[in-house]
Student: 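The structure is given below, and queries will be raised subsequently.
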2 protein chains.
Amino acid sequence: MIITPMQQSLISHFGEMGSRWGLNRTLGQMYALIVLTEEPLNADQISDALLISRSNVSMGIKELKSWNLIKLHHIPGDRKEYFSAPKDIWEIARTLIIERRKRELDPTLSTFRDALLQDPANEADKYTQQRVQDMHDLMEMVTIWSTELQNMSSDKLSTLLKLGSGVGKILDAKEKFLKK
Amino acid sequence: MIITPMQQSLISHFGEMGSRWGLNRTLGQMYALIVLTEEPLNADQISDALLISRSNVSMGIKELKSWNLIKLHHIPGDRKEYFSAPKDIWEIARTLIIERRKRELDPTLSTFRDALLQDPANEADKYTQQRVQDMHDLMEMVTIWSTELQNMSSDKLSTLLKLGSGVGKILDAKEKFLKK
DNA sequence: CTGAATTTTCAGTAATTACTGAAAATTGTA
DNA sequence: TACAATTTTCAGTAATTACTGAAAATTCAG
């Protein structure tokens, strides 16, 4: 498992960004390596390539599995387990949306709902509830969107994203459409 | 500065979630307190309410300022600076989108571009570049979207989000629209 | 300009998170 | 079933990140 300079710089970058996400440096590096390599890799290869301990790889793999970000492979006659990333980048993106929603949105929505069910003890609570209501409504809409994206095929997702700067126009198109 | 139990539980939750984001616990708590309180607060009040040092508040404020998440106020005859959050939740959301893009997407896009400009040294690099190209294209589209959202008024943003589960239909509407 | 009020900085320390090596558990083949 | 290959777990430690108090810097009223 030899890493080219090009790969090395991308892996380093993912390491730095990894910590800016919910992940950590090692996890970012591991996933970069897996994504950028065509052939599935086993844990020893990852350990060698990134100069991290075998046990660290094991924990990283476990985490990546919990994010549904890797596919498992078996090579006949080889007892080792091999790992790869989906070849379709949209699939990876979709998975990230789903998992981040689970981790970042869902628990918060549930906390918001709890707060909204309580009786406000005073004026401060009334104001607090107003704000929570706003945040709740927004987050719920984002959740609905992400669910929609989750069920969208890669090519439809691609079409949607490519609309890009045309989002505003689409809204107008939609109005026309609805008025008929 | 007395915190109600309802506020306390929301603040705690934001603290926990804060670390799941790029922020940290204290920053999450500080922002929760500011968002949930109607009146602007000064640094001492925040320090008292959250039981953290004055200097920690100072660093937190600095960070929140760098995220453009707080508004500054001055009360005549009082030299202290007071902080509040925008009352429009959409404004906060918009700011978050912009800032996260700056921090999470832009540097990565730039690293991708660098890699794509290099000459592939071998087959591994060729494959790596393919994957980088895919990721680049996706991220660029997300960036365009986020720029679009950034320039969208709160009510248009709201309209867009409310489409929610109708996104698929809109795409169809768009096709009809374009075919004319 | 002076000095009290306020904010910011920063070195030291505390708390948290990440990583390792050794040992335990699991897997699969003979 | 026995055992070698492989993976996972976990206690200890290293590295990183967050927090504090004291001191420095800034602000502004008189």
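In the text below, chain A, chain B and the rest are named by the order of the sequence lines, each starting its count at 1.
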Student: Tell me the interatomic distance from A/L50, atom CG, to C/dA18, atom C1', rounded to whole angstroms.
Tutor: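 Roughly 15 Å, once rounded to whole Å.
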
Student: How many Å lie between CD on B/Q29 and P on D/dA18, as a whole number?
Tutor: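 Computing the B/Q29:CD to D/dA18:P distance gives 13 Å.
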
Student: Hey, does the side chain of A/T26 come within less than 4.0 Å of C/dC19's phosphate (OP1/OP2), counting only N and O?
Tutor: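 Yes, within the criterion.
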
Student: What nucleotide, of C/dT8, D/dT20, C/dT20, holds the atom closest to the side chain of B/S55?
Tutor: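 Shortest atom-to-atom distance from the side chain points to D/dT20.
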
Student: Could you check whether B/N56 gets within reach of a base, just the sugar-phosphate, or nothing at all, counting any heavy atom under 4.0 Å?
Tutor: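 The residue B/N56 makes base contact.
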
Student: Determine yes or no for a side-chain-to-main-chain donor-acceptor pair under 3.5 angstrom, with B/K71 supplying the side chain and B/Y82 the backbone.
Tutor: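 Answer holds: no.
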
Student: In terms of side-chain heavy atoms of A/E81, which of C/dT8, D/dT7, D/dT20 is nearest?
Tutor: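 For A/E81, the side-chain atoms sit closest to D/dT7.
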
Student: Using only modelled atom types and a 3.5 angstrom limit, is any donor from either the side chain of B/R79 or the base of C/dT6 paired with an acceptor on the other?
Tutor: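 No.
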
Student: CG/B/D106 to OG/B/S146 distance, rounded to the nearest 0.5 angstrom?
Tutor: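 If we round to the nearest 0.5 Å, B/D106:CG and B/S146:OG are 7.5 Å apart.
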
Student: If you assign each of A/R25 and A/M59 to its closest nucleotide in DNA chain D, which residue comes earlier from the 5' end?
Tutor: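 With A/R25 and A/M59 compared, the 5'-side residue is A/M59.
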
Student: Go through it in stages, so that I can follow the logic: the residues are B/R113 and B/E140, the test is salt bridge (Lys or Arg N to Asp or Glu O under 4.0 Å), and I'd like the CA-CA distance, side-chain angles, deciding distance and then a yes or no.
Tutor: CA-CA 11 Å; B/R113 294 202 176 106; B/E140 193 163 55; 2.8 Å; yes

Student: Using whole Å, report how far CD1 of A/I75 lies from C1' of D/dT6.
Tutor: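 Interatomic distance, CD1 of A/I75 to C1' of D/dT6: 15 Å.
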
Student: Just checking, A/R101 and A/W145: is the charged tip under 6.0 Å from the six-membered ring centre and within 45° of the axis?
Tutor: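 Negative - A/R101 is either too far from the ring of A/W145 or too far off its axis.
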
Student: What is the distance, rounded to the nearest whole Å, between atom CZ of A/R20 and atom P of D/dT16?
Tutor: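 My rounded result for the distance is 16 Å.
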
Student: Would you kindly give the CG-to-C1' distance between A/L27 and D/dT16, to the nearest whole Å?
Tutor: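 Spelled out: CG on A/L27 to C1' on D/dT16 is 17 Å.
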
Student: Hey, does the side-chain of A/S53 have a donor or acceptor N/O within less than 3.5 Å of a partner on the base of C/dG21?
Tutor: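 Flag unset: no donor-acceptor pair detected.
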
Student: Any base atoms under 4.0 Å from A/I61, or only sugar-phosphate, or nothing? Heavy atoms, all strands.
Tutor: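 Counting heavy atoms under 4.0 Å across all strands, no contact is made by A/I61.
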
Student: Roughly how many Å is it from CD1 in A/I46 to C1' in D/dT7, rounded to a whole number?
Tutor: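 Atom CD1 in A/I46 sits about 13 Å away from atom C1' in D/dT7.
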
Student: D/dT27 C1' sits how many Å from B/K80 NZ, rounded?
Tutor: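 Spelled out: NZ on B/K80 to C1' on D/dT27 is 14 Å.
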
Student: State whether B/W67 and B/R103 meet the cation-pi test: NZ (Lys) or CZ (Arg) under 6.0 Å from the six-membered ring centroid, and within 45° of the perpendicular axis.
Tutor: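 B/R103 over B/W67 ring: yes.
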
Student: Please confirm whether the shortest side-chain N or O distance from A/K62 to OP1 or OP2 of D/dT9 is below 4.0 Å.
Tutor: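 True: A/K62 side-chain N/O within range (under 4.0 Å) of D/dT9 OP1/OP2.
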
Student: Determine: side-chain N/O of A/R54 to OP1/OP2 of D/dT7, distance under 4.0 Å, yes or no.
Tutor: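 Checking A/R54 against D/dT7: at least one side-chain N or O falls below 4.0 Å of OP1 or OP2.
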
Student: Whole angstroms only, please: what is the CG-P distance between B/D44 and C/dA5?
Tutor: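 Going from CG in B/D44 over to P in C/dA5 covers 13 Å.
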
Student: Let's see if you can work this out: which of C/dT7, C/dA22, D/dA18 has an atom nearest to the side-chain heavy atoms of B/N24?
Tutor: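 From the listed options, D/dA18 comes nearest.
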
